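Heads up, the thing below is written out as structure tokens.
Values below: all heavy atoms of this structure, side chains included; hydrogens, waters and symmetry mates excluded. In what follows, chains are A, B, ... by sequence order, proteins preceding strands, each numbered from 1. Bear in mind that the values here come from a model prediction, so they are computed numbers and not experimental data.
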Amino acid sequence: MMLEVMEVKKSFDGHEILKGIDMTVNKGDVAAILGPSGSGKTTLLRCLNFLEKADSGEMIFDGEHFDMRSAKRREIARIRSKTAFVFQNYNLFLNKNVLNNVTLGLMTAGKMHKAEAKDRAMNALEKVGMADKASSYPSQLSGGQQQRVAIARGLAQDPEIIYFDEPTSALDPELIGEVLTVMRKLADEGMTMLVVTHEMEFARSVSNHVLFMDEGKVVEQGPSAEFFAHPKEQRSRDFINTILSKNGNITE
Amino acid sequence: MNDRVWRILIDSFPKLVGYAVKVTVPLTVLSFALAMAISVAVAFIQYAKVKVLSGLCRFYIWIIRGTPLLVQLYLVFYGMPSIGIVLEAFPAAVIVLGFNEGAYMAESVRGALDSVNVGQVEAGYCVRMNYLQIMTHIVFPQAFRVAFPALSNSLISMVKSTSLAATITVMEMFRQAQVINGRVYESLALYTEVALIYLAICTILTFLQHWGEKKLARFGGNKA
Ligand SMILES: Nc1ncnc2c1ncn2[C@@H]1O[C@H](COP(=O)(O)OP(=O)(O)OP(=O)(O)O)[C@@H](O)[C@H]1O
Ligand SMILES: [Mg+2]
């Protein structure tokens with residue numbers, strides 16, 4: 001087991017956004033988090049990486065137990081050293097070229113030597129097909145290319161798990177494929193991934209586990225094949241149906 | 001123009017340029033360095049929302065921006081001695097000019113810091129960078145680029161503001177022009193001459209600004 005959280009709660013301005021989330025991600029899992037807008041998916045992911053501090057909750061990460069509310073700076077650093085986070089809008093460092101976007105964290109936080117950092121970065125960029133753009137600046141790249149660089153930046157951290165928050169939803173339709181291809185490749189290589197997504201096809205064909213969230217709760221979770229074939233809860237069924245009627249069907 | 005006026009202009013020119021080099025430029029450089037340090041500190045305190053200090057910073061900006069520079073110079077140089085703070089004219093001018101422009105520059109820098117989207121800061125945290133590393137490698141370099149035109153503007157404005165130091169007895173270029181004029185009574189010619197020297201300095205700075213902006217632009221656009 002890679003990650004388990006229990007009873008994660010989080011409020012903003014008196015509104016409870018996460019109402020006690022329990023969830024498990026096993027090593028090698030590709031888990032998809034689905035759910036309507038505003039159900040708390042992003043907030044959950046941010047709490048897992050301590051970009052947001054949960055009001056309460058416990059986490060077992062890589063065999064170690066943490067209190068999500070009161071985790072110490074050093075504990076957070078330890079968790080972050082084993083995770084990577086891919087944002088909806090990439091968040092590349094705009095004053096750094098592609099190569100330096102990937103090496104910056106390795107060299108500053110990781111105290112790695114330049115040559116080694118560069119090696120690692122080029123490896124990661126190779127993996128996402130962006131090695132030939134190493135000296136470009138983010139503003140010179142398409143959204144799909146920026147997102148692939150962002151994935152490389154995460155990969156270079158050598159993470160145990162990668163969190164993705166709707167990695168393709170800011171992209172023009174014709175650019176979504178290249179990012180999903182990279183993610184598929186990572187999944188095939190056994191990378192553990194937790195992916196908030198509206199891409200049903202991706203959730204169905206790549207993820208092996210689905211969590212369906214609504215109004216701050218996990219309404220249903222289980223193997224994705226089962227979830228899509230026989231959703232147990234009415235809310236899951238409604239959700240799948242509305243998405244399908246919007247995006248066409250999901251036959252292979 | 002007759003020969004006499006020409007001679008006055010030609011004789012005074014090296015003197016005025018001498019004072020520009022010896023006094024006006026150093027006064028500008030020192031005041032601007034002080035303003036720069038103040039503005040970065042004040043802007044950062046507000047950006048990082050440091051308690052109490054943020055309030056103090058807002059108070060400072062409010063006072064400075066709400067009162068004339070000339071009045072500030074008089075207060076410090078002529079007013080403060082009566083509460084036991086006696087400053088020489090030149091350091092008094094540096095302090096007042098620095099604190100004055102620093103308030104305006106702090107607003108430019110704060111706006112520039114705010115313009116760097118927090119997503120990049122979070123991305124920095126996710127690759128385990130700490131606050132200081134994120135500030136020095138990501139936020140400040142980008143903010144500097146955004147603030148550069150406004151800061152250049154402040155520098156150019158400060159060159160001209162140094163002439164006000166004449167009113168608190170600093171013997172700088174403009175005061176020197178006044179002194180010469182007191183002997184020869186050629187206001188139009190002399191003050192035109194001094195205006196042209198200010199113009200020349202500011203023109204050089206404008207060129208430097210454009211050169212700097214081009215340099216900075218090489219690091220790609222600021223598209224999100
Ligand atoms: N920093 C914040 N301050 C106040 N409210 C917030 C904050 N972050 C999120 N919220 C609120 O929490 C709720 C859940 O937000 P969240 O972004 O987690 O939803 P989501 O499931 O990711 O939605 P989407 O599919 O639209 O991305 C929303 O109502 C949002 O307005
Ligand atoms: Mg979201």
Side-chain angles (χ1 to χ4, degrees), chain A residues 45-46 48-52 73-74 76-98 100-112 117 135-143 146 149-150 152-159 162-163 165 170, chain B residues 36 39-40 43-44 47-51 108-152 209 211-224:
Chain A
L45 224 51
R46 289 170 60 82
L48 294 180
N49 216 17
F50 296 86
L51 290 174
E52 214 77 71
R73 192 184 289 237
R74 204 165 286 153
I76 293 173
R78 203 152 62 232
I79 291 171
R80 283 183 179 157
S81 74
K82 298 175 186 174
T83 65
F85 201 104
V86 175
F87 298 86
Q88 191 169 354
N89 41 10
Y90 343 122
N91 289 338
L92 293 183
F93 309 132
L94 298 180
N95 58 325
K96 301 280 174 195
N97 69 19
V98 165
N100 293 337
N101 258 277
V102 183
T103 57
L104 185 62
L106 300 175
M107 288 171 60
T108 55
K111 308 248 181 293
M112 199 181 274
S135 53
S136 301
Y137 281 86
S139 60
Q140 301 167 319
L141 303 178
S142 73
Q146 290 191 58
V149 172
R153 177 172 65 184
L155 280 177
Q157 299 288 315
D158 198 14
I162 307 181
Y163 301 125
D165 187 12
Chain B
M36 199 68 210
S39 64
V40 169
F44 180 70
Y47 174 79
K49 301 192 176 69
V50 182
K51 288 196 190 89
S108 308
V109 175
R110 186 173 61 89
L113 287 170
D114 284 337
S115 78
V116 181
N117 67 328
V118 323
Q120 291 182 63
V121 176
E122 294 185 337
Y125 281 130
C126 287
V127 293
R128 285 188 299 142
M129 293 170 76
N130 62 33
Y131 191 71
L132 194 67
Q133 291 167 334
I134 291 168
M135 284 297 136
T136 54
H137 291 280
I138 299 165
V139 178
F140 270 112
Q142 288 181 54
F144 178 71
R145 212 184 103 177
V146 174
F148 186 78
L151 296 179
S152 305
Q209 175 184 351
W211 176 79
E213 280 174 22
K214 271 207 203 93
K215 274 254 155 197
L216 291 169
R218 281 194 324 171
F219 302 115
N222 241 345
K223 177 177 111 182

Side-chain contact test, heavy atoms from C-beta onward, threshold under 4.5 Å: evaluate it for B:Gln209 versus B:Phe148 and give yes or no.
-> yes

Below 4.5 Å from any heavy atom of chain B, which atoms of A:Leu92 appear? Answer side chain, backbone, both or neither.
-> backbone

Under a 4.5 Å heavy-atom cut-off, does chain B meet the side chain of A:Arg73, its backbone, both or neither?
-> neither

Taking the side chain as every heavy atom from C-beta outward, state whether B:Asn117 and A:Asn91 have any pair of such atoms under 4.5 Å apart.
-> yes

Using non-hydrogen atoms only, which part of A:Thr83 is less than 4.5 Å away from chain B: side chain, backbone, both, or neither?
-> backbone

Determine whether B:Gln142 and A:Leu94 make a side-chain contact, defined as any pair of heavy atoms from C-beta on separated by less than 4.5 Å.
-> yes

Tell me, side chain or backbone of A:Ala77 under 4.5 Å from chain B's heavy atoms, or both, or neither?
-> backbone

Step through it carefully: locate the ring centre of B:Phe144, locate the ring centre of B:Phe140, and say whether they are under 6.0 Å apart.
-> no

Comparing A:Ala156, A:Gly154, A:Ser81 against chain B, the one with the most heavy-atom pairs below 4.5 Å turns out to be A:Ser81

Could you look at A:Phe87 and say if it's the side chain, the backbone, both or neither that has a heavy atom under 4.5 Å from chain B?
-> side chain

Where on B:Glu122 is there a heavy atom nearer than 4.5 Å to chain A: the side chain, the backbone, both, or neither?
-> both

Any sub-3.5 Å donor-acceptor pair from A:Asn101's side-chain atoms to A:Lys96's backbone N or O?
-> yes

Would a 4.5 Å heavy-atom cut-off, applied to side chains only, mark B:Val109 and B:Leu151 as touching?
-> yes

